[in-house]
Amino acid sequence: MSLHTSVMEEITFYTGLSPAAFFTLLAMMVVVYRTVSAMFVSPEDYNKPPVVSARTHPQFEDPEPPRQPVQLGQVTDQELRAYDGSDPNKPLLMAIRGQIFDVSTGRNFYGPRGPYAMFAGKECSRALALLSFKQEDINGDLEGLGESEFTILEDWEFKFIEKYPKVGLLIPEQRAPKNELKEQVQDNLENSNEYKDKTK
């Protein structure tokens, strides 16, 4: 009887496993041992200074430093829409209660294809208060909101104040000169009708 055959018989006798199963199990234990021991630092390496590798691949280069927020001052709803993330050279802005915040650092959330992209470039107080993603709620109309909605909106406002720089204020759209002229003519007609009624 050869040595090989007697060893295989002993393995089967003592372990209850076939030789193939035994060696498979042994190999797996060695792999697990090496994997686990690689997670820990050996005592000799513990006090060595860390080694810094010089990485020259573009993915390891420092990211572009964030741009300083540009103060816009007062802008209208229409002007705010230009900052919805469609132009990568412009900051990403949104407004809450008339305060405009630069949310460019949250581009993953508010930028194009982000989960909150529908809020960019808009006044979204109502939507935040109602926790709504409906297009018709993305505006600054706070009429009809209850105390709980105002509390939610206030929480959002504080979060934005803490996290994002305030860069401007939202102002109402200016009336077009044509509308002003039309209203002026209407006022003059009403005044002349009142005058005629008084003189009769």
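Along the sequence shown, residues are numbered consecutively beginning with 1.
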(request) Give, for atom CG of D137 and atom CG of N139, the distance between the pair rounded to the nearest 0.5 Å. (result) 7.0 Å

(request) Would you give the length of the straight line joining atom CD of E154 to atom NZ of K159, rounded to the nearest 0.5 angstrom? (result) 12.0 Å

(message) On a heavy-atom basis, which atom in P112 and which in R107 lie closest, and how many Å separate them?
(response) CD-NH1, 4.4 Å

(message) Quick check: do Q74 and E79 have side-chain heavy atoms less than 4.5 Å from each other?
(response) no

(message) To the nearest 0.5 Å, what is the distance between CG on D102 and OH on Y164?
(response) 10.0 Å

(message) Ring-plane angle category for Y110 and Y116, please: parallel below 30°, perpendicular beyond 60°, tilted otherwise.
(response) tilted

(message) Testing the basics here: between G146 and E149, what is the closest heavy-atom pair and its distance to 0.1 Å?
(response) N-OE1, 2.8 Å

(request) Check whether any side-chain N or O of T76 sits under 3.5 Å from a backbone N or O of P172 as a donor-acceptor pair, and report yes or no. (result) no

(request) Assess whether atom CD of E147 is packed by more than 12 heavy atoms of other residues, nucleotides or ligands within 6.0 Å. (result) no

(message) A cation-pi test, strictly: NZ or CZ of K166 under 6.0 Å from the centre of the six-membered ring of F101 and no more than 45 degrees from its axis. Yes or no?
(response) no

(request) Flag yes if I96 and F150 sit in one hydrophobic cluster, no otherwise; membership is Ile, Leu, Val, Met, Phe, Trp, Tyr, and two members link when side-chain heavy atoms are under 4.5 Å apart. (result) yes

(message) Treating R126 as the side-chain partner and D141 as the backbone partner, does any N or O pair qualify as donor plus acceptor under 3.5 Å?
(response) yes

(message) Which heavy atom of L142 sits nearest to which heavy atom of S125, and what is that distance?
(response) CD2-CB, 3.7 Å

(request) Look at the side-chain heavy atoms of Ile, Leu, Val, Met, Phe, Trp and Tyr, link any pair under 4.5 Å apart, and say whether F158 and W156 land in one connected group. (result) yes

(request) State plainly whether one hydrophobic cluster holds both V103 and V167, where clusters connect Ile, Leu, Val, Met, Phe, Trp and Tyr through side-chain heavy atoms under 4.5 angstrom apart. (result) no

(message) What's the separation between atom CG in L26 and atom CG in L17, rounded to the nearest 0.5 Å?
(response) 11.0 Å

(message) If you compare all heavy atoms of L170 against all heavy atoms of L80, which two are closest, and at what distance to 0.1 Å?
(response) CD1-CD2, 3.9 Å

(message) I need the minimum non-hydrogen distance between M94 and C124, along with the two atoms involved.
(response) CE-SG, 3.0 Å

(request) Taking all non-hydrogen atoms of both residues into account, name the closest pair between P115 and F133 and its distance. (result) O-CE2, 4.2 Å

(request) Kindly work out whether a path of hydrophobic side-chain contacts (I/L/V/M/F/W/Y, heavy atoms less than 4.5 Å apart) joins V31 to L25. (result) no

(message) Tell me if the CZ atom of F109 is crowded by more than 12 foreign heavy atoms within 6.0 Å.
(response) no

(request) Taking the side chain as every heavy atom from C-beta outward, state whether I138 and M118 have any atom pair closer than 4.5 Å. (result) yes

(message) Looking at S132 and L128, would you say the former's side chain and the latter's main chain have a donor-acceptor pair under 3.5 Å?
(response) no

(message) Are L169 and I100 linked, directly or through intermediate hydrophobic residues, by side-chain heavy-atom contacts shorter than 4.5 Å (ILVMFWY only)?
(response) no

